[in-house]
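Take a look at the structure below.
Lettering of chains follows the sequences in order, A, B, ..., and the numbering in each one begins at 1. Computed from a prediction, not measured in an experiment: that's the story for all the values here.
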Number of protein chains: 2
Amino acid sequence: MNSQDLQSNATLKDVAAAAGVSLATVDRVINGRPGVSDKTTRKVNDAIERLNFHPLAAAAELARSRPCRFAVLLPRGDNRFMADIADNIRAQAAWFRARRIAVEIIETNVFDADTLAAELAALTGRFEGAAVVALDHPRIRAAIDDLVESGMAVVTLVSDVPSSRRAHYVGIDNIAAGRTAGSLIGRFLGGRSGRVGVVTGSAALRDHAERLFGFGQVIAEEHPGLSLLPPVEGRDDPQQNRALVARLLADAPDLVALYNTGEGAAGIGAALADAGAARRILCVGHELTPDSRRLLLDGTFAALVVQDPGHEARSMARVLRALVSGRPILPAQEQIRVEVILRDNLP
Amino acid sequence: MNSQDLQSNATLKDVAAAAGVSLATVDRVINGRPGVSDKTTRKVNDAIERLNFHPLAAAAELARSRPCRFAVLLPRGDNRFMADIADNIRAQAAWFRARRIAVEIIETNVFDADTLAAELAALTGRFEGAAVVALDHPRIRAAIDDLVESGMAVVTLVSDVPSSRRAHYVGIDNIAAGRTAGSLIGRFLGGRSGRVGVVTGSAALRDHAERLFGFGQVIAEEHPGLSLLPPVEGRDDPQQNRALVARLLADAPDLVALYNTGEGAAGIGAALADAGAARRILCVGHELTPDSRRLLLDGTFAALVVQDPGHEARSMARVLRALVSGRPILPAQEQIRVEVILRDNLP
DNA sequence: CTGTTAGCGCGTTCAA
DNA sequence: TTGAACGCGCTAACAG
């Protein structure tokens with residue numbers, strides 16, 4: 001099963017010699033540039049095959065080597081998960097610099113379509129690529145399409161705009177994430193019945209909406225003993241979440257579980273602690289932050305459904321780079337997984 | 001928060017000019033080579049700082065560009081997970097070739113210490129790096145140490161030999177994996193009590209042993225209503241597992257759950273189906289294979305605790321490459337996570 | 001349609 | 001202790 005006994009290390013020059021043509025011609029064939037006769041093309045391809053030629057990545061990069069600029073649009077505010085993404089992008093600074101990639105992180109009000117659309121429009125011409133955490137809104141879709149039209153490589157990050165012409169989505173399947181949360185709650189409850197409270201950030205964000213959808217699906221299909229209370233919106237803000245959960249606890253005595261589709265876990269933990277209901281109400285939320293980690297460790301949360309911000313930052317970088325240099329991406333490596341974190345497999 | 005406004009793109013030549021020295025001298029300073037006076041070193045470092053110089057990765061690679069050879073020692077046999085690792089390594093063939101890395105996959109009897117030790121010894125001088133799925137055994141430890149002594153970069157894969165001098169372990173924390181499985185079973189059972197059967201591959205493999213340990217810990221500490229039956233060893237073989245589980249079902253009427261520390265899920269599924277106990281006994285196992293996927297989808301298994309063979313293959317490649325070229329590795333990117341797969345977040 | 005040639009930025013002899 | 005010069009393998013501009 002020896003993989004590569006036939007490691008060849010032939011160079012472009014070898015191919016040129018073998019085919020009886022010049023370097024430039026071989027280059028044209030390899031990179032699919034026009035202006036080569038069929039006969040010559042065949043000769044070259046033949047030589048490539050025979051010598052088992054494969055271009056050396058470093059040499060090609062060096063020779064191409066155009067500096068390039070990426071913009072990353074992140075929501076402004078104290079969202080911890082977004083801060084993690086930003087940190088992970090910054091942690092790659094050395095990687096970027098070593099490849100002459102300049103990345104600019106732009107924080108903006110992602111919730112306001114006009115602001116975001118304007119911010120997107122302002123990118124034109126200044127960057128070769130952009131990643132954006134975007135609201136799924138017609139105006140945003142149009143702004144993304146305009147950028148793509150202008151030749152920019154655009155990817156969505158964390159929350160997708162599937163109807164746009166973005167080249168790629170770097171993030172998880174949020175319906176699956178919601179379903180996973182639903183299954184965890186359903187199964188951890190072990191057949192008990194009762195009401196389940198749902199705290200969400202904002203129904204305007206596609207990722208939250210999709211999670212809610214997936215969650216509802218599973219509860220309805222597979223756990224008929226459970227019924228969902230109407231979702232309450234806390235904007236991912238701990239203070240608001242605290243108040244909302246306090247009310248939930250007061251209003252619904254048969255509350256058995258809580259699902260938080262977004263952030264602000266600290267508020268939920270506080271409300272539960274206030275009511276002395278901390279490990280009695282089963283809680284599942286999303287994303288790993290210092291707060292959610294603490295609440296997972298102390299048992300307030302039973303599980304967290306997460307995505308890896310480090311993976312997302314790296315994937316974004318690789319994908320944008322591949323896109324601007326016209327190379328293929330490896331789908332397997334770029335698929336961001338829906339992960340389940342219990343106290344025991346906390347990274 | 002603009003990240004890199006000060007993208008400099010200074011080259012070695014610029015630094016040399018700014019410092020008033022030659023290219024070679026700058027190179028000596030940067031790569032810590034001897035033979036530079038303190039004063040010159042200071043001048044150069046000063047210029048580097050001032051110009052915000054960062055070497056271009058592609059150029060450095062091209063100039064170094066020595067072909068190199070890696071060996072990967074995998075267990076022979078029909079272990080599906082190992083086959084996945086091998087497939088993922090082969091899937092990276094293009095990546096390897098573009099970097100003049102030849103990788104040879106060697107299948108051998110990992111369970112026999114003498115065979116494995118001999119196979120390891122035979123690597124000497126033929127490879128710059130090696131990854132090995134190793135038995136944790138004194139002879140193997142010695143063989144690994146000899147390779148390291150001879151200057152080879154050695155990493156363990158999937159199952160570690162922590163007492164050896166291997167430079168790195170590419171794999172998960174198996175105690176955490178076992179604990180995770182234990183928590184899932186305990187919580188999914190929702191307080192029910194009874195006996196839990198354990199099917200393991202071989203107690204000689206460190207990864208299986210560690211999982212068993214972590215699993216036992218959690219059950220004992222957190223689920224006192226549950227008691228573990230003595231583990232039965234099926235060598236990851238479906239046929240053996242089937243017979244073992246059939247006996248377990250017959251002997252222990254109060255069996256409420258099954259934990260499989262390794263492979264051969266199909267055998268467990270078959271035995272349960274035979275006994276008509278398929279979704280009554282809660283099952284948790286490891287690794288995602290066509291069999292385990294099917295059993296997860298049909299509800300026979302409630303959850304799978306897995307590691308990503310694709311990530312492991314890529315991590316192995318990056319780590320070995322970094323080691324042989326004396327570069328640092330990014331720990332965050334190389335940490336393999338213990339993942340939980342339910343039916344809903346199946347990749 | 002094809003070939004020549006000059007770099008890309010860094011490593012690495014060698015000689016001084 | 002330092003520097004000059006060549007080469008790594010590929011791309012791209014220009015010439016024919």
Protein-nucleotide distance ([X], atom [atom1]; [N], atom [atom2]), rounded to Å:
X        : N       : atom1 : atom2 : answer
Leu62(B) : dT11(D) : CG    : C1'   : 12 Å
Asn9(A)  : dC8(D)  : CG    : P     : 13 Å
Glu61(A) : dG9(C)  : CD    : P     : 14 Å
Asp14(A) : dG9(D)  : CG    : C1'   : 10 Å
Lys13(B) : dA5(D)  : NZ    : C1'   : 13 Å
Arg99(A) : dC10(C) : CZ    : C1'   : 15 Å

Is [X] touching bases, backbone alone, or none of the nucleic acid, heavy atoms closer than 4.0 Å?
X         : result
Leu12(A)  : base
Arg100(B) : nothing
Leu56(A)  : sugar-phosphate

task = Ignoring hydrogens and angles, state whether a donor on the side chain of Asp84(A) or Asn88(A) is under 3.5 Å from an acceptor on the partner side chain.
result =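 No, no side-chain donor-acceptor pair sits under 3.5 Å.
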task = Would you mind telling me which of Ile144(A), Val132(A), Leu157(A) makes a side chain to side chain contact (heavy atoms under 4.5 Å, CB included) with Arg166(A)?
result =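 Going through the options one by one, the only one that passes is Ile144(A).
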N/O donor-acceptor pair under 3.5 Å between [X] side chain and [Y] backbone:
X         : Y         : value
Ser150(A) : Leu147(A) : yes
Glu128(B) : Arg69(B)  : yes
Ser65(B)  : Glu61(B)  : no

ask   = Is the closest side-chain heavy-atom distance between Glu119(A) and Ile106(A) below 4.5 Å?
value = yes
Heavy-atom side-chain proximity of Ser163(A) to Val161(A) below 4.5 angstrom =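 Yes; the side chains approach each other to less than 4.5 Å.
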inquiry  = Does the Lys NZ or Arg CZ of Arg97(A) fall within the cation-pi geometry relative to Trp95(A) - under 6.0 Å from the ring centre and within 45° of the axis?
reply    = no
task = Compare side-chain N and O positions of Ser22(A) against OP1 and OP2 of dG3(C) and report whether any pair is under 4.0 Å apart.
result = yes
query = Does a nitrogen or oxygen in the side chain of Arg66(B) sit under 4.0 Å from OP1 or OP2 of dG9(D)?
reply = no
inquiry  = For DNA chain D, which residues of residues 23-30 of chain B approach it to below 4.0 angstrom with any heavy atom?
reply    =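 Those residues whose heavy atoms fall under 4.0 Å from DNA chain D, taken from residues 23-30 of chain B in numerical order, are Ala24(B), Thr25(B), Arg28(B).
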inquiry  = Taking Arg314(A) first and then Glu334(A), would you say they form a salt bridge - that is, a charged N and a carboxylate O separated by under 4.0 Å?
reply    = no
ask   = Would Arg42(A) and Asp46(A) pass as an ion pair if we require N to O under 4.0 Å?
value =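 Between Asp46(A) and Arg42(A) there is no salt bridge, as every charged N stays at least 4.0 Å from the carboxylate O atoms.
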message = Could you report the tightest heavy-atom contact between Gly125(B) and Met152(B), atom names first, then the distance?
response =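 What the structure gives for the nearest pair is N-CE, 4.3 Å.
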query = Which parts of residues 31-42 of chain A get close to DNA chain C, meaning a heavy atom less than 4.0 angstrom away?
reply =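 Heavy-atom contacts with DNA chain C come from Gly35(A), Val36(A), Ser37(A), Thr40(A).
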key: Terminal axes of the helix from dC1(C)-dG16(D) to dA16(C)-dT1(D) (five pairs each): angle between them, nearest 10 degrees   =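 Answer rounded to 10°: the end axes differ by 30°.
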